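Values below: every heavy atom of this structure, side chains too, minus hydrogens, waters and symmetry copies. Keep in mind that this is a model prediction, so the values were computed, not measured. One-based numbering along the sequence shown.
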Amino acid sequence: MQIIRDIATLHRAVTALKQGRKSVALVPTMGALHAGHLSLVRMARRVADHVVVSIFVNPTQFGPNEDYAAYPRDEARDAALLVEEGVGLLWAPDVGTMYPAGHSTHIEVAELGADYCGAARPGHFDGVATVVAKLFNQVRPDVAIFGEKDWQQLAIIRRMARDLDFALDILGAPIARDPDGLALSSRNAYLSKEQRAAATVFPDALKAAAKAIAGGADVAASLAAAETAIVAGGFDSVDYVALADAASLERLTTFREPARLLAAARIGKTRLIDNYPVGG
């Protein structure tokens, strides 16, 4: 596997991969790879001839009181996992390469980024949209794979790619979960043993609310019941539990398809997100 850190070398390597009309899939990550990331890699291998994985802990999507410095980093471990998955190229730029001196441009997907995690983390999705746009220009993939766990992020990236005329397909990969239902996340490593045991109430409550709403239950009551169950189960607070249009992310007070139940909650110092489809 090639590990590349400068853009000129990356462009030459991708050009070589595309010879003979071969296709390239990009899997953007921030490292700390787990089984969820590897499921994206496997999906990429199914839909393209070559897979490029990027690892870059993006400072512009972290707020001033968030965990950028503490975010787990272990490139050697991550690279070994990618070799096992047959990845041919790892794009691993540093901050100076991604944001050279004088960098002053950012992308804002205004409406989709204003609510939910965007409201709780001001500027977060501007950082995401900007770095993903740069990755698309750097790697020039035919397809990019993102996990459905961050449904708002996926919707924003799809809108950004459409609005800016990026010529690639964006695919969402199903959420990877532990056997007890908790969505896989690099931030799960921050949980104590007791917090990890309690965290299963989060997906359980969302799954129950999604089933209730699809079955005709009152939306507001179902959302309130989910929030009560999450806090009663050991979480310190709930940022939001919302029923949203799956594409526009508009908050829904009555159920219509396609819809998604979106949520974020805090346990100790860790903020977890999750979502479930409703109906269909």
Side-chain angles (χ1 to χ4, degrees), residues 3 26-44 51-85 87 90-95 98 116-118 120-121 123-125 127-129 131-132 135 144-154 156-157 172-203 206 235-236 239 262-275:
I3 300 178
L26 170 65
V27 180
T29 82
M30 294 206 302
L33 301 183
H34 52 65
H37 295 108
L38 300 182
S39 72
L40 307 186
V41 172
R42 291 166 193 149
M43 183 176 184
V51 177
V52 176
V53 174
S54 65
I55 292 178
F56 178 66
V57 183
N58 178 35
T60 67
Q61 68 189 67
F62 288 81
N65 298 314
E66 294 184 337
D67 55 358
Y68 173 70
Y71 197 86
R73 296 164 172 84
D74 190 344
E75 185 183 295
R77 172 189 170 277
D78 291 342
L81 291 172
L82 296 176
V83 168
E84 290 179 6
E85 294 295 331
V87 173
L90 170 58
W91 171 228
D94 61 16
V95 174
M98 189 63 76
Y116 313 117
C117 286
R121 306 176 68 189
H124 168 70
F125 286 118
V128 170
V131 78
V132 170
L135 289 169
I145 314 292
F146 295 85
E148 291 183 349
K149 183 173 75 70
D150 193 333
W151 188 266
Q152 185 176 14
Q153 173 180 276
L154 178 60
I156 285 169
I157 289 167
I175 300 172
R177 297 182 181 275
D178 276 332
D180 60 9
L182 187 66
L184 299 185
S185 170
S186 300
R187 288 187 167 87
N188 291 353
Y190 299 155
L191 300 174
S192 68
K193 183 178 179 179
E194 294 75 17
Q195 290 169 341
R196 176 62 186 80
T200 59
V201 71
F202 190 31
L206 299 183
F235 277 73
D236 296 290
D239 281 1
L262 310 177
R266 300 175 186 269
I267 182 167
K269 296 182 179 180
T270 305
R271 183 178 187 273
L272 300 180
I273 62 171
D274 204 345
N275 67 87

Side chain to side chain contact (heavy atoms under 4.5 Å, CB included) between Phe125 and Gln152, worked out | CA-CA 9 Å; Phe125 286 118; Gln152 185 176 14; 3.3 Å; yes
[Y] side chain reached by [X] side chain, heavy atoms, under 4.5 Å:
{"X": "Glu75", "Y": "Ile3", "answer": "yes"}
{"X": "Val57", "Y": "Tyr68", "answer": "yes"}
{"X": "Asp94", "Y": "Phe56", "answer": "no"}
{"X": "Leu206", "Y": "Asn275", "answer": "no"}

List the steps and the verdict of side chain to side chain contact (heavy atoms under 4.5 Å, CB included) for Asn188 and His34.
-> CA-CA 10 Å; Asn188 291 353; His34 52 65; over 6 Å; no
Thr29: side chain to side chain contact (heavy atoms under 4.5 Å, CB included) partners, not counting sequence neighbours |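 Thr29 satisfies side chain to side chain contact (heavy atoms under 4.5 Å, CB included) with Val27, Leu33, His37, Val53, Ile55 only.
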Residues which pass side chain to side chain contact (heavy atoms under 4.5 Å, CB included) with Pro174, listed by chain and number, not counting sequence neighbours |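 For Pro174 there are no side chain to side chain contact (heavy atoms under 4.5 Å, CB included) partners, ignoring immediate neighbours.
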Within the distance-only criterion (no hydrogens, no angle test), does the side chain of [X] pair as donor or acceptor with the backbone N or O of [Y] below 3.5 angstrom?
{"X": "His124", "Y": "Gln61", "answer": "yes"}
{"X": "Glu85", "Y": "Leu82", "answer": "no"}
{"X": "Asp78", "Y": "Gly31", "answer": "no"}

Under the salt bridge (Lys or Arg N to Asp or Glu O under 4.0 Å) rule, what pairs show up with a residue in residues 58-67, not counting sequence neighbours?
->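 Qualifying pairs, neighbours excluded: Glu66-Arg121, Asp67-Arg187.
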Among all residues two or more places apart in sequence or in another chain, which pass the side-chain hydrogen bond (donor to acceptor under 3.5 Å, both in side chains) test with [X]?
{"X": "Trp91", "answer": "Gln138"}
{"X": "Arg77", "answer": "none"}
{"X": "Arg73", "answer": "none"}
{"X": "Tyr71", "answer": "none"}

For the residue pair [X] and [Y], what are the closest heavy atoms and their distance?
{"X": "Pro93", "Y": "Met98", "answer": "CG-CE, 3.6 Å"}
{"X": "Ala32", "Y": "Ser186", "answer": "O-OG, 3.1 Å"}
{"X": "Pro28", "Y": "Ser54", "answer": "CA-OG, 3.1 Å"}
{"X": "Gly127", "Y": "Asn58", "answer": "O-ND2, 3.1 Å"}
{"X": "Gly36", "Y": "Leu184", "answer": "N-CD1, 3.4 Å"}
{"X": "Asp236", "Y": "Gly268", "answer": "OD2-N, 2.6 Å"}

Looking at residues at least two apart in the chain, or sitting in another chain, which of them share a salt bridge (Lys or Arg N to Asp or Glu O under 4.0 Å) with [X]?
{"X": "Arg196", "value": "Asp178, Asp180"}
{"X": "Glu84", "value": "none"}
{"X": "Arg177", "value": "Asp274"}
{"X": "Asp239", "value": "Arg266, Arg271"}

Give, for atom [atom1] of [X] and atom [atom2] of [Y], the distance between the pair rounded to the nearest 0.5 Å.
{"X": "Cys117", "Y": "Asp150", "atom1": "SG", "atom2": "CG", "value": "6.0 Å"}
{"X": "Ile175", "Y": "Ser39", "atom1": "CD1", "atom2": "OG", "value": "10.5 Å"}
{"X": "Glu148", "Y": "Leu40", "atom1": "CD", "atom2": "CG", "value": "10.0 Å"}

Starting from the C-alpha separation in whole Å, work towards a yes-or-no answer on side chain to side chain contact (heavy atoms under 4.5 Å, CB included) for Val128 and Ile156.
-> CA-CA 9 Å; Val128 170; Ile156 285 169; 5.8 Å; no
Can you name the residues that form a ring pair (Phe, Tyr, Trp, His ring centres under 6.0 Å) with Phe235, not counting sequence neighbours?
-> Phe202
Please report the C-alpha distance between Leu182 and Leu272 in whole Å, then the side-chain angles of each, then the deciding distance to 0.1 Å, and finally whether the side chain to side chain contact (heavy atoms under 4.5 Å, CB included) criterion is met.
-> CA-CA 10 Å; Leu182 187 66; Leu272 300 180; 4.3 Å; yes
